[in-house]
Every structure is written in structure tokens, then in C-alpha cells.
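The block underneath contains the structure these notes are about, expressed in C-alpha cells.
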Amino acid sequence: RDNMAKKVILEAGRTFSEFSLLTDYTSKNCNLNNINLKSKLGKLDLGIPFLSAAMTSVTGYEMALALGKEGGLGVLPARLSVKEQVDIIDKIKGYEMGFVEDPVSVRDNATIDEAVRLVEKHGHSKIPVTDRNNVFLGLFNFDKYLESNETPAENILSIMTSVENLPFTKNSEITVKQAKKELEENNYLIVLDDLGRLVKIAFKKDVENIVVGAAISTHKGWKKRVKACDEAGADIFVIDTSDAYNEFTSKVLKEYTKMNLGKPICAGNVITYEGAKFLMESGADVVKVGMSSGSICTTQREKATGRAPMTALMQVERARADYLKESGKYVSIIIDGGVSDAGSMIIALSIADAVMMGGYFNHFFEAEGEKYDANMQITTHEPDIKYVATWGEGSARARNLDRYGHVARKTFFAEGEEGTVENWGRLKPKLKQDIRKIKAALSNTGCMKLKDYHDKAVIELMSPYTQSIVGDTHDMKVKE
């Protein structure tokens, strides 16, 4: 016994794809139109439960803006200088609403299938319908179509919401200020000319405050960074360290609390009950979970340290439940790593309040990594982009010493890789598609909000054989 580890856990760690979500009773009102994925991180409201990772290959101005406009949160990396973080926050907070000029539309003789293809290409959930003279007739609502019995081959008019039932104005010279007033009561406003022709559209989400987070380290200068980013308008601060179960993180949390900024502080990462409880007791409003489960992370390979993400998440949830009983304070949980598709998101969100992803968001045009064509030449021409550069914060390229606890460059060893990922195009279409899948899963469980989903979701562990049967196609050759 003297030569043994303190504890040997023989039960294997679990990841998201090993679980299946069970169905529950669904009422007629529990449909995609009525389900929302709003979440909270401390006092901060999110429209959707997604964060882009504080990675220099992923999150900069373009990613933070694109995700923020959809209701998510971009977290600016701590490896950026204070000035770089502040400049991006200033730019995002100064972003002005604009009209969607010449919006994508379909003709009145189009089929539903043609409209659906536009939804899939551009990510818009609503497509205007016009006649040959561009006179606006109505709106195709993709979510409404999914709940209907209409078939793809039918004419678009069979599912269209007609103009008289939609918010519109015939003041084609309407100003942004006037549009904002109209959008106080509606999610969008269709702008027509005096002949009823489509001119432009304004969306409420372009008026609402875009939230953005700033990552900080536990090293010297963190307080100066916080003060500068707070003045610029950062909505949340994220202590970004690979292992937050330490004295330094606790000290930062306690000192941050004394600053009394009124903005939530997130601390991470941790993978154990004890680590999570420690951060909660030190003052964290949000705890971030995960180690070595990211697609480019090599911490497990290099120093045999990490944990399967679902197992880590369940342990942190246990700590949260105990801390809630003791203190009355609900601490939000973010899962960071191991989530790369809608199925993983669905299982992770049965416990977590939000999902942080680096690999997923790295695939998009808005990611910070360089863009390459098919010949691996750098290009800025969007149609030619085939790959996006990626690198972990622990890679030789990033050398984020603060995050991984290396005291000097001479002690540094890589805990992440550098490479490329396939280009998925713009963020919006793919993200919207995955959001619909998550909403569909919530509908299967009869849940219209994430809070209900946390309370009601039942997930079941699958055997490896079950995964091969339930989790994928089988006994057939899939058409390519």
C-alpha cells in the first residue's frame, strides 16, 4: 500500500458520444418556434449557450462579432496585448446596426425546396417572397415549415406568411434610429417602397447589445488588464489557465471580488469535484470544465494528465449541487473541450449552462487562423478557401506560458498541436443548423427552455455495441 497512488479509479471515464438522450412527453406547443436556448453565466444573459474559445487561432474581432450577433459570446485570448483586447471590445461595443440591403429572396413561383436550399446556404431562417417586379408578397419561415405537413415540391405560397400579417413599413427612407424604435416591439422590420417593392430588412438582433468576454491570466498585470477591459465594456472575465485548482487562481478570484465591478468572473479549467468546489468557495460565478479533451490538446499525451469530459462535467455538477445547498448560490458551468458536433452539444447541455468550443469555431471563415487554398497557399479570396490554420495555446507557435504554468521559455514543452482544419464557410449557416438540431432534441424531451432540460433530461449510457447500432448507420452501403 505504501507504494500505491492515493486513489485508483477503475471505472472508465466517459465522453458525450457514449450517451443517448431519452424521449419524454411533448406537448403541441413544444416546437422549434417556441423553444429558446437562452442561458445565463452568472448575471450575464446569453441568447445561445455558445462561447468561442480564448485561442489566438479562433477568436478575434470577426469571430466575437459574428458569434455575438447570434447571441453567443466570443472570449478574447489573454495572449493578446491589453491594447489589442481593448481595441476589439471598443469596436464591438461601437458596432452600429445596419439594414440588410438587397436581401436574399425567392420568386413566387419557387418551390419550398428552393427556399430551403437558400436557408442552408446563407443561414437565414426567414426568406422574403417576391413577384417578378420585386413586389413583396410575404415571408418563408423555415421553422414554421418544419412544423408543417407541406412537402418540398409544393409552391412556396402554400407555406408563406402573407405581408399583411408581418411588420412592415412603406417608408423606404426610414433611418436606423427610426427602425430601432419599431424593433422594440418586433424581431424584424421589412422595408418597402411606396409600390410595395422589397427594399431592405432590419433585424432586432442587430440592435441588441453584443456581449464579449476577456480572458485573463493569474500572472502579474491581470488587474491592469481587467480595469482596461472593464472600462471598454467587457461583459465577463475568464481566468484562463489549464489547471485552475491552485493558490494563484484563488487569489485572483478573491481580489477580483473586492474590485466590485458587478460583472461575472469565470475560472477554469478544472476536472474534479474538489477543484470545482475550491473555485466556487473562492468566489467564481462560473466554472469552466475540461482538460486534454480539446481536439488539438496533447496534455494527456505529454504528461498523462486530464479527464474524459463527461465524467469531469458530472463531477463538477455534483460540486455545484453541494455548493448550492451550502451557500444558496448557483454557479454556472461551461464545458470546454470534447464538443465538436450537435450530438455532443445536446448531451453536454443536459448538465452544462454553456459550451465553449475552439475546434468547432476554428473551421469558420471568421476564425483568426490564416486561410489556405487547395494548394496550401494563403488566400483571402473566400471561394478559394479550403483550409483554416489552427494552433493550440499550448503549441510551439502560441507558447502561452501563462496558461500552462511554464515559468520561462527554457522550461516550455508543447501541450498542443499546429495544423489546418477544413473550411466550413461562414459561421451563421452551420451554427443555425446545429441550433435547430439542439432545439429538436429539446422538443423530443418536452422541454422549451434549457432550465427545463437540465431538470428533466434523462440520458443513458450505451455499450460499445449499442453505439454501433444506435449511433450510426449499419447493414448498408451509404450512398456517396
Side-chain angles (χ1 to χ4, degrees), residues 48 50 52-53 55-72 74 88 91-92 95-107 109-130 134 140 142 152 156 198-203 205-206 210 295-296 340-342 357-391 397 417-437 478-480:
I48 54 174
F50 298 120
S52 63
M55 294 168 55
T56 46
S57 68
V58 177
T59 307
Y61 171 71
E62 295 296 339
M63 179 59 70
L65 179 66
L67 183 54
K69 285 173 71 174
E70 297 305 319
I88 293 171
K91 203 172 172 184
I92 286 173
Y95 175 80
E96 273 294 326
M97 167 202 164
F99 293 100
V100 177
E101 309 277 356
D102 298 320
V104 174
S105 62
V106 293
R107 285 278 306 279
N109 59 355
T111 63
I112 290 173
D113 184 59
E114 289 175 71
V116 170
R117 288 177 187 275
L118 287 176
V119 168
E120 292 172 345
K121 180 179 179 181
H122 298 283
H124 309 317
S125 57
K126 298 175 179 65
I127 304 289
V129 182
T130 62
N134 201 38
F140 169 75
F142 182 67
I156 193 74
L198 179 64
V199 178
K200 53 194 175 186
I201 304 177
F203 289 95
K205 68 181 179 63
D206 291 333
I210 298 173
S295 60
I296 54 175
S340 58
D341 54 45
M357 295 176 287
Y360 177 88
F361 288 114
N362 212 144
H363 284 274
F364 296 114
F365 174 79
E366 292 87 350
E368 283 295 290
E370 299 91 351
K371 313 302 186 296
Y372 295 94
D373 62 19
N375 297 315
M376 295 307 293
Q377 298 299 307
I378 289 179
T379 182
T380 56
H381 188 228
E382 201 167 337
D384 291 339
I385 297 171
K386 299 295 181 185
Y387 306 101
V388 183
T390 183
W391 58 88
R397 173 171 177 173
E417 298 286 10
E418 179 182 356
T420 58
V421 293
E422 179 188 357
N423 173 41
W424 288 349
R426 294 277 175 171
L427 174 145
K428 186 177 176 179
K430 169 70 171 164
L431 182 63
K432 288 273 188 154
Q433 183 183 67
D434 286 335
I435 285 172
R436 283 194 291 272
K437 291 176 183 178
V478 178
K479 184 178 179 180
E480 295 181 2

With sequence neighbours excluded, tell me which residues meet side chain to side chain contact (heavy atoms under 4.5 Å, CB included) with S340.
->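 Testing S340 for side chain to side chain contact (heavy atoms under 4.5 Å, CB included), a comparison that skips the adjacent residues, returns none.
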What are the two closest heavy atoms between [X] and [Y], and how far apart are they?
{"X": "S105", "Y": "L198", "result": "CB-CD2, 4.5 Å"}
{"X": "G74", "Y": "S52", "result": "CA-OG, 3.2 Å"}
{"X": "V388", "Y": "A367", "result": "CG1-CB, 4.3 Å"}
{"X": "E120", "Y": "P429", "result": "O-CB, 3.5 Å"}
{"X": "F364", "Y": "R426", "result": "CD2-O, 3.6 Å"}
{"X": "G358", "Y": "A53", "result": "CA-CB, 3.7 Å"}

Identify which one of T59, T390, N423 satisfies the side-chain hydrogen bond (donor to acceptor under 3.5 Å, both in side chains) criterion when paired with N362.
->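 Exactly one pass, corresponding to T390.
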I want to check something: taking the side chain as every heavy atom from C-beta on, are [X] and [Y] in contact at a cut-off of under 4.5 Å?
{"X": "V100", "Y": "K200", "answer": "no"}
{"X": "M63", "Y": "L427", "answer": "yes"}
{"X": "L65", "Y": "Y95", "answer": "yes"}
{"X": "P128", "Y": "I201", "answer": "yes"}
{"X": "K69", "Y": "D206", "answer": "yes"}
{"X": "L431", "Y": "Y360", "answer": "yes"}
{"X": "Q433", "Y": "K437", "answer": "yes"}
{"X": "I385", "Y": "Y372", "answer": "no"}

Under the side chain to side chain donor-acceptor pair (under 3.5 Å) criterion, do T379 and D373 qualify, and how do the steps go?
-> CA-CA 6 Å; T379 182; D373 62 19; 5.5 Å; no
Starting from the C-alpha separation in whole Å, work towards a yes-or-no answer on side chain to side chain contact (heavy atoms under 4.5 Å, CB included) for V104 and K121.
-> CA-CA 11 Å; V104 174; K121 180 179 179 181; over 6 Å; no
Look up atom [atom1] in [X] and atom [atom2] in [Y], then write down how far apart they are to the nearest 0.5 Å.
{"X": "S125", "Y": "R436", "atom1": "OG", "atom2": "CZ", "value": "7.5 Å"}
{"X": "K371", "Y": "E382", "atom1": "NZ", "atom2": "CD", "value": "9.5 Å"}
{"X": "E70", "Y": "L67", "atom1": "CD", "atom2": "CG", "value": "8.0 Å"}
{"X": "E62", "Y": "E368", "atom1": "CD", "atom2": "CD", "value": "7.5 Å"}

What's the verdict on side chain to side chain contact (heavy atoms under 4.5 Å, CB included) for W391 and T56, showing C-alpha distance, side-chain angles and the deciding distance?
-> CA-CA 8 Å; W391 58 88; T56 46; 2.8 Å; yes
Hey, are E114 and R107 close enough for a salt bridge, meaning a charged N less than 4.0 Å from a carboxylate O?
->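 Answer for the salt bridge query: no.
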Just wondering, more than 12 heavy atoms not from N109 lying within 6.0 Å of its CG?
->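 It does: N109 CG has more than 12 such atoms within range.
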Partner set under salt bridge (charged side-chain N to carboxylate O under 4.0 Å, His left out) for K430, not counting sequence neighbours |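 Listed in chain order: D434.
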According to the interplanar angle, ranging from 0 to 90°, do the rings of F361 and F50 count as parallel (below 30°), tilted (30 to 60°) or perpendicular (above 60°)?
->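 Aromatic pair F361/F50 classed perpendicular.
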If the plane angle is over 60° it's perpendicular, under 30° parallel, otherwise tilted; pick one for H122 and H124.
->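 Ring orientation, 0 to 90° scale: parallel.
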Does the pair V421 and Y387 meet the rule for a side chain to side chain contact (heavy atoms under 4.5 Å, CB included), with working shown?
-> CA-CA 5 Å; V421 293; Y387 306 101; over 6 Å; no
Identified side-chain contact (heavy atoms from CB on, under 4.5 Å) counterpart of F142 within the set L118, I127, V119 =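 That would be V119; it is the only one of L118, I127, V119 passing the side-chain contact (heavy atoms from CB on, under 4.5 Å) with F142.
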